[in-house]
Amino acid sequence: QVKLVESGGGSVQSGRSLRLSCAASGISSRDHTIGWFRQAPGKAREGVSCITETGLTYYDDSVKVQFTISRDAAKNTVYLQMNSLKPDDQAVYYCATYCRLDGIVVASSAENYWGQGTQVTVSS
């Protein structure tokens with residue numbers, strides 16, 4: 001019954017912005033840490049940003065200035081605002097009830113859930 005659904009991806013020009021959404025069902029997003037991850041072709045999946053149950057936020061150094069994570073509890077949704085996009089940001093973006101940044105597991109549980117991913121394409 002637990003489901004995470006990402007949306008908001010698309011194709012944009014460098015320097016533009018996108019806001020990704022992670023809509024949760026079967027769980028309350030405010031009762032779990034939610035993490036955003038991305039995976040580009042030929043690269044390992046990497047943690048991008050996380051928000052805890054209490055609202056603490058974490059970012060990978062590569063996106064700390066560009067991206068902002070937030071939660072709308074009323075909509076049971078976590079957002080990732082991505083500004084000043086560049087080609088290196090192109091990837092499939094996933095959300096999960098899991099947080100790993102710089103190889104360190106920040107939050108995990110016995111059963112973690114992942115969304116299907118949303119594609120972000122950035123042209124030069």
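Reckoned from all heavy atoms, side chains included, excluding hydrogens, waters and symmetry mates.
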task: Give a yes-or-no answer on whether the side chains of Glu111 and Tyr113 include a donor-acceptor pair shorter than 3.5 Å.
output: yes
- Query: Would you say the side chain of Val12 lies within less than 4.5 Å of the side chain of Thr121, judging by non-hydrogen atoms?
  - Reply: no
task = Measure the acute angle between the ring planes of Trp114 and Tyr98, then classify it against the limits of 30° and 60° as parallel, tilted or perpendicular.
result = tilted
message: For the residue pair Arg38 and Tyr94, would you count it as a cation-pi contact if the rule is NZ or CZ under 6.0 angstrom from the ring centre and within 45 degrees of the ring axis?
response: no
Sub-4.5 Å side-chain heavy-atom contact between Ser17 and Gln81:
yes
**Report entry** CG/Leu56: more than 12 non-hydrogen atoms of other groups inside 6.0 Å
**Finding:** yes
In short, Ile34 meets Cys95 closest at the heavy-atom pair CG2-CB, 4.4 Å
Tyr93 side chain near Gln39 side chain, heavy-atom distance below 4.5 Å: no
Please lay out, stage by stage, how Thr77 and Arg71 fare under the test side-chain contact (heavy atoms from CB on, under 4.5 Å). CA-CA 6 Å; Thr77 298; Arg71 173 187 284 114; over 6 Å; no
Query raised in the report: Can you find a pair of side-chain heavy atoms, one from Ile69 and one from Trp36, that are under 4.5 Å apart?
Result: yes
- prompt: Donor-acceptor pair, Ser62 side chain versus Asp60 backbone, under 3.5 Å?
  reply: no
CG of Leu20 to OH of Tyr79, rounded to nearest 0.5 Å, is 11.5 Å
Shortest non-hydrogen pair, Pro87 vs Ser124, comes out as CG-OG, 3.5 Å
SG (Cys99) and NE2 (His32) are apart, to the nearest 0.5 Å, by 14.0 Å
So, the side chain of Glu6 versus the backbone of Thr118: is there a donor-acceptor pair under 3.5 Å, distance only?
no
Spell out, yes or no, whether Leu18 and Val122 are grouped together once hydrophobic residues are joined by side-chain heavy atoms under 4.5 Å, including indirect joins.
yes
Discussion item. I want to check something: taking the side chain as every heavy atom from C-beta on, are Gln90 and Val120 in contact at a cut-off of under 4.5 Å?
Written reply: no
- Between the side chain of Asn76 and the main-chain N/O of Ala73, is any donor-acceptor distance below 3.5 Å? no
Practice prompt. Say whether Leu4 and Val48 are linked into one hydrophobic cluster, either directly or through other cluster members, by side-chain heavy-atom distances under 4.5 angstrom.
Written response: no
Margin query: Please check this pair: side chain of Gln66 against backbone of Asn83, looking for a donor-acceptor N/O pair closer than 3.5 Å.
Written below: yes
Would you kindly confirm whether Phe37 and Ile51 end up in one hydrophobic cluster when ILVMFWY residues are joined by side chain heavy atoms under 4.5 Å apart?
-> no
Per side chain to side chain contact (heavy atoms under 4.5 Å, CB included), Thr33 is matched among Thr52, Thr54, Val106 by Thr52
Side-chain ion pair, Lys64 and Asp61, N-O less than 4.0 Å
no
Between the NZ atom in Lys3 and the OG atom in Ser25, the distance rounded to the nearest 0.5 Å is 6.5 Å
Determine whether Arg19 and Leu80 make a side-chain contact, defined as any pair of heavy atoms from C-beta on separated by less than 4.5 Å. no
(Q) If you define the side chain from C-beta out and look only at heavy atoms, does anything of Phe67 sit under 4.5 Å from Leu85? (A) yes
TODO: Ignoring hydrogens and angles, tell me if any N or O in the side chain of Ser49 forms a donor-acceptor pair with the backbone of Tyr58 under 3.5 Å.
DONE: yes
Original post:
Judged by atom type as modelled, is there a donor-acceptor pair below 3.5 Å linking the side chain of Asp102 to the main-chain atoms of Ile104?
Top reply: no
